[in-house]
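Just below is one structure, and these are the notes that go with it.
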Amino acid sequence: MKGDGAIVAYAVLTSSDKGSAGKRIDTSGDAVVEMMQDAGHTLVARIILPDEFNELSKQIIAWSDAGETDVILTTGGTGLSSRDIMPEVTKSLITFDIPGMAEAMRSESLNLTKMSMISRAVVGVRGTTLIINLPGSTAGVRDNLAVVASVITHAVEVLQGRQRGPHPNLSLIHI
């Protein structure tokens, strides 16, 4: 779990009124689990909650403050409807944001769909836990998580002060 080498302990939080009521299958959360497991990471928790500020906040606080979760990946609630509140929840809880990751997700997915322009996804840090907002669609999760997947382990290692060895880009530098 947390602190074990390159393994990242992660949790998945899906924000969905219909999903939490059992009226929709959480395929976006399934996509997160599949991609993170394929990368060798460890799932520590997964839940679907309604689009309610207090419930979502309490869950993120519980996971990040308990010290068992390196990364919280949220799905859903990043669009424009009045119930899409995940960016506001995340902003209220993080110590600082990591705009480059959110910008990279939007930029890369813009090559696939114009709808990425209306994503309000946020990436930030609470304590030593990285929080990444992803869209609620399965395709959106796959497209966006693929963009940031390669930097998640390094980001967690730096946040937790446990980076060992050369910087991941050192092999790209030609002296």
Side-chain angles (χ1 to χ4, degrees), residues 1-2 4 6-53 55-64 66 68-81 83-90 93-94 98 101-102 104-126 129-156:
M1 291 220 189
K2 193 163 186 159
D4 291 346
I7 303 289
V8 170
Y10 71 97
V12 180
L13 172 58
T14 299
S15 176
S16 171
D17 289 329
K18 289 181 181 177
S20 66
K23 296 178 181 177
R24 177 182 292 160
I25 296 172
D26 182 23
T27 58
S28 63
D30 292 341
V32 171
V33 171
E34 178 186 320
M35 291 179 74
M36 292 295 283
Q37 283 181 334
D38 287 351
H41 303 306
T42 302
L43 177 66
V44 294
R46 180 177 175 186
I47 194 168
I48 305 170
L49 293 175
D51 301 302
E52 296 293 338
F53 195 94
E55 287 188 55
L56 296 168
S57 297
K58 286 178 186 175
Q59 188 60 66
I60 291 172
I61 290 167
W63 283 340
S64 60
E68 296 296 319
T69 307
D70 300 314
V71 180
I72 298 171
L73 297 144
T74 73
T75 69
T78 62
L80 302 178
S81 88
R83 300 290 291 163
D84 289 335
I85 58 169
M86 189 54 75
E88 287 73 28
V89 169
T90 303
L93 300 174
I94 59 175
I98 307 175
M101 290 178 79
M105 289 190 300
R106 276 187 283 279
S107 177
E108 287 297 317
S109 61
L110 186 57
N111 294 322
L112 304 170
T113 176
K114 299 260 187 239
M115 294 302 113
S116 67
M117 285 188 269
I118 61 174
S119 170
R120 299 180 313 109
V122 172
V123 178
V125 173
R126 179 179 176 87
T129 302
L130 180 64
I131 302 168
I132 302 172
N133 296 163
L134 297 166
S137 73
T138 304
V141 164
R142 291 186 190 285
D143 296 342
N144 285 268
L145 186 52
V147 173
V148 297
S150 65
V151 300
I152 288 175
T153 299
H154 178 69
V156 166

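Every value quoted in this text rests on a predicted model; they were computed, and no experiment measured them.
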### Query
Would you call Lys58 and Glu52 a salt bridge, taking side-chain N to carboxylate O under 4.0 Å as the test?
no
### Task
Enter the distance from Leu13:CG to Leu73:CG here, rounded to the nearest 0.5 Å.
10.0 Å
### Message
Tell me whether Ser119 contacts the main-chain N or O of Ser116 through its side chain, where contact means a donor paired with an acceptor under 3.5 Å.
### Response
no
### Query
Quick one: does Ile152's side chain get under 4.5 Å of Leu145's, heavy atoms only?
yes
### Query
With the threshold set at 4.0 Å, does a side-chain nitrogen-carboxylate oxygen contact exist between Arg106 and Asp143?
no
### Message
Does Ile25 have more than 12 heavy atoms from other residues, nucleotides or ligands lying within 6.0 Å of its CD1?
### Response
no
### Min side-chain heavy-atom separation Val33-Val12 under 4.5 Å
yes
### Sole candidate of Val151, Leu130, Val148, Ile132 that passes side-chain contact (heavy atoms from CB on, under 4.5 Å) when paired with Ile98
Leu130
### Message
As a test of understanding, state which of Thr90, Ile61, Ile72 forms a side-chain contact (heavy atoms from CB on, under 4.5 Å) with Arg126.
### Response
Ile61
### Query
How far apart are the closest heavy atoms of Phe53 and Ile85, and which atoms are they?
N-CD1, 3.3 Å
### Message
Are the side chains of Trp63 and Val71 in contact, using a 4.5 Å heavy-atom criterion?
### Response
no
### Query
Okay, side chain of Ser137, backbone of Gly140: is any donor-acceptor separation there less than 3.5 Å?
yes
### Message
With side chain to side chain donor-acceptor pair (under 3.5 Å) as the criterion, how do Ser15 and Asp51 come out once you've worked through the C-alpha distance, each side chain's angles and the decisive distance to 0.1 Å?
### Response
CA-CA 5 Å; Ser15 176; Asp51 301 302; 2.4 Å; yes
### Message
With a 4.5 Å cut-off on side-chain heavy atoms, are Val125 and Ile94 touching?
### Response
no
### Message
Are His41 and Thr153 packed together at the side-chain level, in the sense that at least one heavy-atom pair is separated by less than 4.5 angstrom?
### Response
yes
### Message
Whether Asp84 and Arg120 form a salt bridge (side-chain N of Lys/Arg under 4.0 Å from carboxylate O of Asp/Glu) is what I want to check.
### Response
no
### Task
Rounded to the nearest 0.5 Å, what's the gap from CG on Leu80 to CD1 on Ile118? Could you check?
4.5 Å
### Query
Does any non-hydrogen side-chain atom of Thr138 lie less than 4.5 Å from one of Asp30?
no
### Task
Output, in order, the C-alpha distance, side-chain angles, deciding distance and verdict of side chain to side chain contact (heavy atoms under 4.5 Å, CB included) for Val32 and Thr75.
CA-CA 9 Å; Val32 171; Thr75 69; 3.7 Å; yes
### Task
Evaluate side chain to side chain contact (heavy atoms under 4.5 Å, CB included) for Thr69 paired with Ser64, printing each intermediate quantity in order.
CA-CA 6 Å; Thr69 307; Ser64 60; over 6 Å; no
### Query
Shortest non-hydrogen contact from Ala121 to Ala102?
O-CB, 3.6 Å
### Task
Output, in order, the C-alpha distance, side-chain angles, deciding distance and verdict of side chain to side chain contact (heavy atoms under 4.5 Å, CB included) for Glu108 and Asn144.
CA-CA 8 Å; Glu108 287 297 317; Asn144 285 268; over 6 Å; no
### Distance, nearest 0.5 Å, that separates CG of Leu134 from CZ of Arg142
12.0 Å
### Task
Check Tyr10 against Leu43 and note the closest heavy-atom contact, atom names and distance.
CE2-N, 3.3 Å
### Task
Taking all heavy atoms of Pro135 and all of Ser28, pick out the closest pair and write down the distance.
O-CB, 4.4 Å
### Task
Of all the heavy-atom pairs spanning Ile48 and Ser16, show the shortest one and how long it is.
CG2-O, 4.1 Å
### Query
Side-chain contact, heavy-atom cut-off 4.5 Å: Leu93 with Ser57?
yes
### Query
Salt bridge or not for Asp26 and Arg46, using N-O below 4.0 Å?
yes
### Task
Take Ile60 and Ile131 through the side chain to side chain contact (heavy atoms under 4.5 Å, CB included) test and state the conclusion after the steps.
CA-CA 9 Å; Ile60 291 172; Ile131 302 168; 3.7 Å; yes
### Task
To the nearest 0.5 angstrom, please state how far the NZ atom of Lys18 sits from the CZ atom of Arg24.
5.0 Å
### Query
Does any non-hydrogen side-chain atom of Asn133 lie less than 4.5 Å from one of Met105?
no
### Query
Nearest 0.5 Å, what's the CG-CE distance between Leu110 and Met117?
5.5 Å
### Smallest separation among heavy atoms of Leu56 and Leu49, with atom names
CD2-CB, 3.9 Å
